[in-house]
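Reading through the structure tokens given below for one structure.
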Amino acid sequence: MTAFHAGAPCGYSADMSTNRQLAEVFTQMALALELTGANAFRVNAHNRAARVCADLTDDLAQLVEREGDDAAQVLSAIDGIGKATASKIIEFVRTGEVKEHGRLMNEVPAGLFDVLAVPGLGPKTVKLMWDELGIVDLQGVKNAIEDDSILTLPRMGAKTVANITDAITFMETAGDRTRIGIALPLAEALVETMSQVKGVKRIQYAGSLRRGTETIGDIDLLITSADPLRAAEAFRTLPGVNKVLASGETKSSVRMSLPDGGAIQVDLRIVEQPAYEAALMYFTGSKQHNIRMRQRAIDRGLRLNEYGLFPEPPDPDAPPQKQNVTPVALTEQAIYEALDLPWIPPELREESVKLDGFDAAALIDLGDITSDLHTHTTASDGSMSIDQLADLAVAHGYHTVAVTDHSVSQPIANGLSADRLREHIQAIRTANERRSDITILAGSEVDILADGRLDYDDDLLAELDIVIASPHSALRQEPKAATSRLLRAITHPLVHIIGHPTGRYIGKRPGLSPDMPTLFAAAAEHDTALEVNAHWSRLDLRDTHIRAAAAAGSKLSINTDAHHADGMDVIRYGILAARRAGLDRDACINTWSAEALRTWLTRKR
DNA sequence: GCCGTTTTCGGCCCGACTGTTTTCAGTCG
């Protein structure tokens, strides 16, 4: 989901793609509609439109341009986009604005978006603050707390005010969503610690973490326990907990410190043993997936909630689990089956994913990976020797590792001059001949310069076993320039793989926004693989791109870009992204046998 | 605002927790 960065409701930075700009427009419209008391479903439709725009692989600007008079029809065919949204998208592409968006922005003070972003403050309360107290920004809330005028609002007591104060402080100090590479190890440590607590039987993390999303809002832990009170108490007093947000019979919420100085919310849900899997399914989400499943249940005369899948209960207005109704299904497997679906892997439980759009038997998994084709040694900016790198790859069970140090235009990464690369190639070949336990390929991560030229001469590139071409600089260039730049590298006869194609850093810099369908088609035609850089700060290509690339027939290569001894561990994040894309293992060259890989590499030599 | 092998109108998932209330509104996921 697109994070809304409050405080900047107008104006878009030049390095934002049209899709992201439109996502922000619809998000802002949804917020403004909430504050003006619009129909909740209309609000929801705008939020949905925002998600669809953010996740769409096709660049909306190019799509509208390409389709001309048919644009409205093509857009309306996309799930979640109707006539009204389509015309707003077209209006935005052609005029650079959406009139209704501008009107709403004039109507609603920009500062109220910040107020709405405070955890615990929803549209009803914020609207009340605005209407009754004239509050238009965060400072206004603080002032109203200071002079106690906030207490004149209905249902506003001392405790609520204290929570608001705390939430504002939290918001002003904590960062955005947490990247999966930070959240997943923490969640695993929490699962380990909590599983030691007496009485705890089953424990697992759920939520977006189980779905493998690239960033995580909060961590959801689900447990069954013979001693729920003890488990909840143990949870609320874990080391690192700096605030208890909620403590009920079945749910506790805390805020925990992160190693990088940030904080994250962790929820513990305690459920009864029989309902464990139904609860796991429910808390895994996504929200949209749950809604689809519940609707599917209703269509079949059933009721799905976190306690199980039930027949229609005698009293339709009361929860079925409280009416002595025998559930139809309790396990994830059985629930999906009863809804006429195969078990859907958590990574594919997303709004934009078709329920039958994957082949479970062919879906890529961690165990399929047999090579790492993007790594660094001490020759450039890594900390391992060639042999240490090879040892690491052997420990991961790989048959092949490619040594791909940086090229000359990366002086900051100690990029290799042509002469140093020739020496390095020799050192790699010597190491390779010495070892029988693994194949070490002599490669390079060669820079794609701003105009698409590569950083070494073709003669030198031809000496290498494998060439990865990656963009490292000029990452703010216009989409058209980025497209032709990357196209030039994709069509280069000596290039095997395009490394981290957009150059993004999640939450830090957006990277290039080339026209992806054009790149994917070219990659397929020229048999150039596109990288899924597995590092959790990159995940580049991202999940939706991987899906579209594979659909276009391009090959993918999932690599770790390892620089250090723990560098290959991040492969799991690349696999999660690929599974979210529904990627078949055969489309990923890192799953191939040594022979198949060698044959494919030598085709470009 | 979106959507439709019952529908182009009338639906749109459902339950827990909190804080304020004496039965529930607001928020969250």
Side-chain angles (χ1 to χ4, degrees), chain A residues 1 26 29-30 33-34 38-52 75-89 100 116-129 151 153-164 166-167 206-211 216-222 232 244-253 265-271 275 278-279 281-310 313 316-322 339 351:
Chain A
M1 211 180 295
F26 287 122
M29 289 181 74
L33 285 167
E34 275 192 303
N39 176 306
F41 298 107
R42 202 172 151 223
V43 172
N44 193 31
H46 280 79
N47 277 320
R48 188 175 177 196
R51 289 194 301 273
V52 170
L75 287 169
S76 307
I78 300 171
D79 247 9
I81 296 182
K83 254 175 94 174
T85 304
S87 79
K88 290 188 186 94
I89 291 172
E100 196 186 334
L116 210 43
V118 176
L121 288 185
K124 295 272 175 20
T125 312
V126 175
K127 186 170 182 344
L128 216 51
M129 287 177 170
L151 291 168
L153 294 176
R155 309 187 63 86
M156 188 65 70
K159 214 152 185 179
T160 303
V161 172
N163 283 343
I164 294 172
D166 180 71
S208 54
L209 201 52
R210 185 166 177 239
R211 301 199 311 277
I216 311 296
D218 52 29
I219 296 175
D220 295 301
L221 298 180
L222 191 67
V244 176
L245 301 165
S247 55
E249 272 181 39
T250 64
K251 175 187 169 179
S252 288
S253 287
Q265 183 174 326
V266 186
D267 296 340
L268 182 79
R269 317 275 183 164
I270 305 172
V271 301
M281 181 171 164
Y282 171 72
F283 288 116
T284 296
S286 65
K287 186 178 177 182
Q288 293 304 318
H289 183 76
N290 286 348
I291 291 173
R292 274 156 96 179
M293 289 306 112
R294 287 180 176 199
Q295 189 56 54
R296 225 177 148 91
I298 291 168
D299 293 345
R300 286 162 178 72
L302 302 168
R303 292 270 293 276
L304 177 64
N305 61 26
E306 57 263 55
Y307 296 94
L309 181 65
F310 297 89
D317 293 329
Q321 68 274 12
K322 291 187 176 162
L339 299 177
E351 178 176 25

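What's counted below: heavy atoms across the whole structure, side chains too, no hydrogens, waters or symmetry copies. By convention in this document, chain letters (A, B, ...) are assigned in the order of the sequence lines, proteins followed by strands, and residues within each chain are numbered from 1. Because the structure is predicted, anything quoted here is derived from the model rather than measured.
- Of the listed nucleotides (dG15(B), dT18(B), dG29(B)), dG15(B) has the atom at the smallest distance from the side chain of Arg303(A).
- In this structure, the nucleotide among dG15(B), dC3(B), dG1(B) sitting nearest to the side chain of Asp79(A) is dC3(B).
- Counting only heavy atoms from C-beta on, Lys159(A) has its side chain closest to dT20(B) among dC2(B), dT18(B), dT20(B).
- If you find the closest nucleotide of DNA chain B to Lys83(A) and to Lys251(A), the one lying nearer the 5' end belongs to Lys83(A).
- Among pairs with a residue in residues 281-298 of chain A, those fulfilling salt bridge (Lys or Arg N to Asp or Glu O under 4.0 Å) read Arg294(A)-Glu306(A), at least two apart in sequence or across chains.
- Phosphate proximity of dC14(B) to Asn305(A): absent, as no side-chain N or O sits under 4.0 Å from OP1 or OP2.
- A side-chain hydrogen bond (donor to acceptor under 3.5 Å, both in side chains) check over residues 76-85 of chain A, counting only residues at least two apart or in different chains, returns nothing.
- Partners of Asn290(A) by side-chain hydrogen bond (donor to acceptor under 3.5 Å, both in side chains), not counting sequence neighbours: none found.
- Among the nucleotides dG1(B), dA16(B), dT18(B), the one closest to the side chain of Lys88(A) is dG1(B).
- Residue Pro123(A) is in sugar-phosphate contact alone, with no base atom involved, counting any heavy-atom pair closer than 4.0 Å across all strands shown.
- For dC17(B), one of the phosphate oxygens OP1 or OP2 lies less than 4.0 angstrom from a side-chain nitrogen or oxygen of Thr250(A).
- Heavy atoms of Asn44(A) sit nowhere under 4.0 angstrom from any nucleic acid atom.
- Every residue was checked against the side chain to side chain contact (heavy atoms under 4.5 Å, CB included) condition with Ala162(A), not counting sequence neighbours, and none meets it.
- For the P atoms, the distance from dC12(B) to dC17(B) is 25 Å, rounded to whole Å.
- Residue Ser247(A) is in sugar-phosphate contact alone, with no base atom involved, counting any heavy-atom pair closer than 4.0 Å across all strands shown.
- Here Ala232(A) pairs with Arg236(A), Ser252(A), Ile270(A) under the side chain to side chain contact (heavy atoms under 4.5 Å, CB included) rule; sequence neighbours left out.
- Listed nucleotides: dG1(B), dT18(B), dG15(B). Nearest to the side chain of Pro319(A): dG15(B).
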Can you check nucleotides 23-25 of chain B for protein contacts, nitrogen or oxygen pairs under 3.5 Å, and list what you find?
from, atom 1, to, atom 2, distance (Å)
dC24(B), O2, Arg155(A), NH2, 3.2

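- The residue Ala30(A) sits apart from the nucleic acid: no heavy atom pair falls under 4.0 Å.
- Residues that satisfy the side chain to side chain contact (heavy atoms under 4.5 Å, CB included) test with Asn39(A), not counting sequence neighbours, are Phe41(A), Arg42(A).
- At least one side-chain nitrogen or oxygen of Thr125(A) sits closer than 4.0 Å to the OP1 or OP2 atom of dT27(B).
- Lys127(A) comes within contact range of no nucleotide atom at all, as no heavy-atom separation falls under 4.0 Å.
- Heavy-atom minimum distance, Val118(A) versus Ala167(A): CG1-CB, 3.6 Å.
- Looking at residues two or more places apart in sequence or on another chain, you find a side chain to side chain contact (heavy atoms under 4.5 Å, CB included) between Lys127(A) and Asp131(A).
- The CG atom of Asp299(A) sits 13 Å away from the P atom of dT7(B) (whole-angstrom rounding).
- Rounding to whole angstrom units, CD of residue Glu351(A) and P of dC3(B) are separated by 11 Å.
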Within the sub-3.5 Å range, which N or O atoms of nucleotides 9-13 of chain B have a protein N or O partner, and how far apart are they?
from, atom 1, to, atom 2, distance (Å)
dC13(B), O2, Arg294(A), NH1, 2.7

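- Here dG29(B) is the nucleotide among dT20(B), dG29(B), dG15(B) with the atom lying nearest to any side-chain atom of Asp218(A).
- Contact annotation: Thr160(A) side-chain N/O to dT18(B) OP1/OP2 distance is not under 4.0 Å.
- Note on Gly80(A): only backbone sugar-phosphate atoms sit closer than 4.0 angstrom, heavy atoms only; bases stay farther off.
- Looking at Ser286(A), its side chain does come within 3.5 Å of a backbone N or O of His289(A) through a donor-acceptor pair.
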